[in-house]
Number of protein chains: 2
Amino acid sequence: MNVRRATIKDVAEAAGVGVATVSRVLSGGSASPETRERVLTVAAQLDYRPSALGRNLRQRRSGGIGLLVPDITDSFYGRLVDGVLACARSAGEPVVLGTTGDDAEREAEQIGMLLEQGVERVVAVPAGNGEIWEPTLRSGITTVFAHRPVGGRDDVPAVLADDRAGVRTAVDYLTGLGHRRIAYLGGPGQGQRVTAFRQSLGALLDEELIVSARGSRDSAYAAAAGLFQHRPDLTAVLAGGNLLGEAAVLAARELDLRVPRDLSLVMFDDVPWAELCAPPLTVIAQPAQDIGYRAAELVLRAGGRRPRGVLLPTELIVRGSCGPRRTS
Amino acid sequence: MNVRRATIKDVAEAAGVGVATVSRVLSGGSASPETRERVLTVAAQLDYRPSALGRNLRQRRSGGIGLLVPDITDSFYGRLVDGVLACARSAGEPVVLGTTGDDAEREAEQIGMLLEQGVERVVAVPAGNGEIWEPTLRSGITTVFAHRPVGGRDDVPAVLADDRAGVRTAVDYLTGLGHRRIAYLGGPGQGQRVTAFRQSLGALLDEELIVSARGSRDSAYAAAAGLFQHRPDLTAVLAGGNLLGEAAVLAARELDLRVPRDLSLVMFDDVPWAELCAPPLTVIAQPAQDIGYRAAELVLRAGGRRPRGVLLPTELIVRGSCGPRRTS
DNA sequence: CACGTTCATGGAAACGATTCCATCATGATT
DNA sequence: AATCATGATGGAATCGTTTCCATGAACGTG
């Protein structure tokens with residue numbers, strides 16, 4: 001029933017060579033043409049596949065790449081993960097996935113597990129701050145941040161969407177429609193966006209219109225409903241993610257705010273259902289999959305050299321959730 | 001910069017005992033109380049964490065669990081993966097994720113990689129058929145199928161939603177509304193559902209109204225649009241997944257079919273946006289996360305014993321996408 | 001012809017854990 | 001008092017690979 005896999009020793013014996021030679025042939029070292037051919041033939045016959053276990057132990061690292069995202073249920077992270085998987089697959093590397101729930105403690109726990117596994121390359125959407133990442137980074141793990149930077153760690157490469165430009169575009173679009181009271185409905189780790197929001201609004205800024213939810217759907221809904229009830233004078237909302245956007249639509253509907261007549265809505269992240277929504281949602285599209293792919297690329301190609309980060313463009317896609325300010 | 005982690009040998013020396021004792025203490029073997037305490041103290045001081053690399057090699061297996069899904073971008077699989085991760089986390093096991101794109105060849109490739117990694121436990125949403133899984137299963141890998149069974153492999157436990165009941169409920173609901181020409185818009189690997197669909201419809205069955213798409217969005221849209229154009233006489237559709245449902249809504253909209261006036265729509269899988277859609281979609285909810293969690297549980301608790309599969313209930317959630325048959 | 005260089009090759013030592021087995025002390029039983 | 005069972009303990013083997021190093025052959029050059 002349980003057949004033992006062939007080991008390098010089996011191949012060596014069958015080919016009449018030493019194990020060292022087999023290893024060299026298989027990893028592209030020098031060997032005479034005839035030896036090489038014989039080894040390859042035998043290896044194919046025995047259906048030999050080198051065990052990652054032995055290799056990993058010897059080189060004290062597991063080839064795989066670790067991937068940490070807040071919530072795999074969120075479509076954005078789903079696409080990001082997909083990008084990482086695509087790149088890893090083309091490199092033949094396994095991916096170990098963990099979720100952090102945007103919780104620093106849980107993140108640390110996951111990192112601990114990855115370390116235990118000997119994972120030396122990590123792509124992460126960071127939840128914790130610079131101090132929390134400090135020990136990880138100095139433990140020799142090659143890290144690339146995706147989607148968010150970690151404050152104060154400019155030495156770690158990050159693959160980001162151009163949030164600043166995205167926010168500015170959205171805000172300009174809304175102000176262009178005549179809106180003056182514009183709210184930002186944010187999630188965890190969106191410091192960049194909030195800053196950009198403040199700058200873009202300039203004199204129109206109203207700190208009370210900047211609210212922040214935790215990662216969950218419930219929290220997002222509570223934040224949106226609270227905002228709308230507390231400040232019925234606002235006429236436009238920028239939702240910082242598809243969960244927040246979903247919550248905004250739901251809360252608006254619940255409070256009988258019609259979109260876009262009573263409330264204009266722009267959502268960060270283009271998701272398939274944005275088009276199905278009534279009305280279809282105007283969004284700032286982010287290349288989630290690319291972010292993942294590029295991050296994986298960076299973490300794999302990092303040959304000692306410290307690569308610079310990457311900034312990917314966003315795009316405002318106008319659909320039907322924004323209208324001119326109601327002048328009633 | 002790059003600090004070497006403490007090994008079991010370091011702990012042994014620092015505690016003045018042999019490595020065997022350290023290993024025993026840490027894995028719950030017998031040891032005298034004072035020795036135990038000393039070892040634990042020293043281990044804590046050195047921040048020792050056993051390397052999974054060494055352990056894996058010794059026991060010729062990597063503890064982790066392999067997870068194979070068709071498409072991590074699909075919300076259903078996202079939730080399923082989340083369930084597996086939740087269970088794995090509580091067991092302290094890492095999860096290696098791979099996507100198959102519902103392609104048997106790619107699935108085989110991924111399995112090969114898992115095998116190479118020494119993964120001995122796999123949760124999979126299978127793409128290939130019984131023959132393809134044959135070598136994997138006999139190679140000693142503990143496998144649990146999720147979401148779909150593999151035809152002819154009743155010996156492998158599977159965690160499934162009760163598709164049969166779900167289909168029957170939906171069909172009964174639609175026929176109860178007066179519909180007679182009901183189509184099934186299916187995806188890959190939905191043999192069970194199609195069979196149930198045929199049985200539930202009985203005399204109303206029209207084979208031409210059963211169409212099948214491949215996994216992609218494009219393919220789903222093409223199938224839906226083709227179906228609606230080819231058979232304008234149909235009055236209701238059962239979409240076998242959220243991608244298919246999305247495609248059906250889009251295609252209906254494109255062809256100016258109003259839901260539910262011209263076309264009633266029931267979708268498999270309850271997704272957050274089903275409520276946001278216009279009209280809100282009537283769905284058959286599946287416990288995606290539970291499926292993942294239970295599957296992971298089975299694959300972890302499988303102590304030689306071959307556990308039976310699990311069938312989880314579905315639920316028809318009536319929203320606004322179904323109406324009485326138009327009698328114009 | 002002697003010598004040095006280059007190359008293919010195999011033996012053996014890691015890597016870090018688990019686990020078999022032998023050893024030794026202790027206490028109980030005859 | 002002699003023997004035996006029990007339990008704690010450490011040495012050493014083992015897992016499968018990579019890689020260092022020594023060996024020996026082949027070859028070109030002085």
Side-chain angles (χ1 to χ4, degrees), chain A residues 2-40 42-43 46-64 92 94 113 115-120 139-140, chain B residues 2-40 42-43 46-64 92 94 115-120 140:
Chain A
N2 196 333
V3 283
R4 204 178 64 87
R5 304 260 316 271
T7 74
I8 200 175
K9 212 169 152 193
D10 299 327
V11 177
E13 276 175 19
V17 297
V19 289
T21 303
V22 176
S23 175
R24 267 187 301 254
V25 166
L26 263 42
S27 49
S30 70
S32 75
E34 61 260 32
T35 307
R36 163 175 306 267
E37 174 142 11
R38 186 149 36 97
V39 168
L40 288 177
V42 170
L46 295 182
D47 189 30
Y48 168 71
R49 306 197 54 173
S51 153
L53 268 39
R55 176 185 1 228
N56 288 348
L57 177 56
R58 172 60 217 236
Q59 12 207 47
R60 295 142 118 199
R61 66 197 194 87
S62 131
M113 158 172 309
L115 239 139
E116 204 168 305
Q117 298 298 320
V119 169
E120 267 207 332
S139 77
Chain B
N2 197 332
V3 284
R4 205 177 63 87
R5 304 260 315 273
T7 75
I8 199 176
K9 212 171 151 193
D10 299 328
V11 177
E13 277 175 20
V17 299
V19 289
T21 304
V22 176
S23 175
R24 267 187 302 255
V25 166
L26 263 43
S27 49
S30 69
S32 74
E34 59 261 32
T35 307
R36 163 174 306 268
E37 175 143 10
R38 187 148 36 96
V39 168
L40 290 177
V42 170
L46 295 182
D47 189 30
Y48 168 71
R49 306 198 52 172
S51 153
L53 269 38
R55 167 170 347 139
N56 289 347
L57 176 57
R58 171 61 217 240
Q59 13 207 45
R60 295 142 116 196
R61 69 196 191 85
S62 132
L115 239 140
E116 203 167 306
Q117 298 298 320
V119 169
E120 267 206 332

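Values reported hereafter were calculated over all heavy atoms of this structure, with side chains retained and with hydrogens, waters and symmetry mates removed. We name chains A, B, ... by the order of the sequence lines, and we start the count at 1 in each one.
OP1 or OP2 of dT9(D) has at least one side-chain nitrogen or oxygen of S32(B) nearer than 4.0 Å. Dashed line: the shortest gap from a side-chain N or O of Q59(A) to OP1 or OP2 of dA14(C) is not under 4.0 Å. Contact check, S30(B) against dG7(D): no side-chain N or O comes under 4.0 Å of OP1 or OP2. Contact check, R60(A) against dG16(C): a side-chain N or O comes under 4.0 Å of OP1 or OP2.
Using a 4.0 Å heavy-atom distance criterion, L53(B) is classed as making no nucleic acid contact. Residue-level contact check: A20(A) touches the bases, meaning some heavy atom is under 4.0 Å from a base atom. As judged by a 4.0 angstrom heavy-atom cut-off over every strand, S23(A) is placed among the base-contacting residues. Using a 4.0 Å heavy-atom criterion, one finds that G18(A) contacts the sugar-phosphate atoms exclusively. Across all strands, T35(B) comes closer than 4.0 Å only to sugar-phosphate atoms, never to a base (heavy-atom distances). Residue-level contact check: G16(A) touches the backbone only, with heavy atoms under 4.0 Å from sugar-phosphate atoms and none from bases.
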task: Report the C-alpha distance between L26(A) and L40(A) in whole Å, list the side-chain angles of each, state the deciding distance to 0.1 Å, and finish with yes or no for side-chain contact (heavy atoms from CB on, under 4.5 Å).
output: CA-CA 8 Å; L26(A) 263 42; L40(A) 288 177; 3.9 Å; yes

task: Go through the steps for R60(A) and R5(B) under the test side-chain contact (heavy atoms from CB on, under 4.5 Å), then give the verdict.
output: CA-CA 11 Å; R60(A) 295 142 118 199; R5(B) 304 260 315 273; over 6 Å; no

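Straight-line distance from the CG atom of N56(B) to the C1' atom of dT14(D): 15 Å, rounded to whole Å. Atom-to-atom, CZ of R24(B) to C1' of dT18(C) comes out at 10 Å; the value is rounded to the nearest Å. Computed from coordinates, the D10(B) CG to dC15(C) C1' distance equals 13 Å when rounded to whole Å. Distance E116(B) CD to dG16(D) C1': 13 Å, rounded to the nearest Å.
At least one donor-acceptor pair under 3.5 Å links the side chain of S27(A) to the backbone N or O of S23(A). Formation of a donor-acceptor pair under 3.5 Å by the D10(B) side chain with backbone atoms of T7(B) is found in this model. At least one donor-acceptor pair under 3.5 Å links the side chain of R38(A) to the backbone N or O of A15(A).
For R58(B) against dG16(D), a side-chain-to-base donor-acceptor contact under 3.5 Å is absent. No N or O donor and acceptor, one from the side chain of R5(A) and one from the base of dG16(D), sit under 3.5 Å apart. Scanning atom types as modelled, no donor and acceptor separated by under 3.5 angstrom connect the side chain of R55(A) and the base of dT18(D).
Nearest nucleotide to the V19(B) side chain, out of dT18(C), dT17(D), dG10(D): dT18(C). Distance from the side chain of T7(B) is smallest for dG16(C) among the nucleotides dG16(C), dT18(C), dG10(C).
In terms of position along DNA chain D, the nucleotide closest to E34(B) lies nearer the 5' end than the nucleotide closest to the other residue of the pair E34(B) and K9(A). Nearer the 5' end of DNA chain C, as judged by each residue's closest nucleotide, is the contact made by T21(A), out of I8(B) and T21(A). Nearest-nucleotide positions on DNA chain D place V22(B) closer to the 5' end than the other of L57(B) and V22(B).
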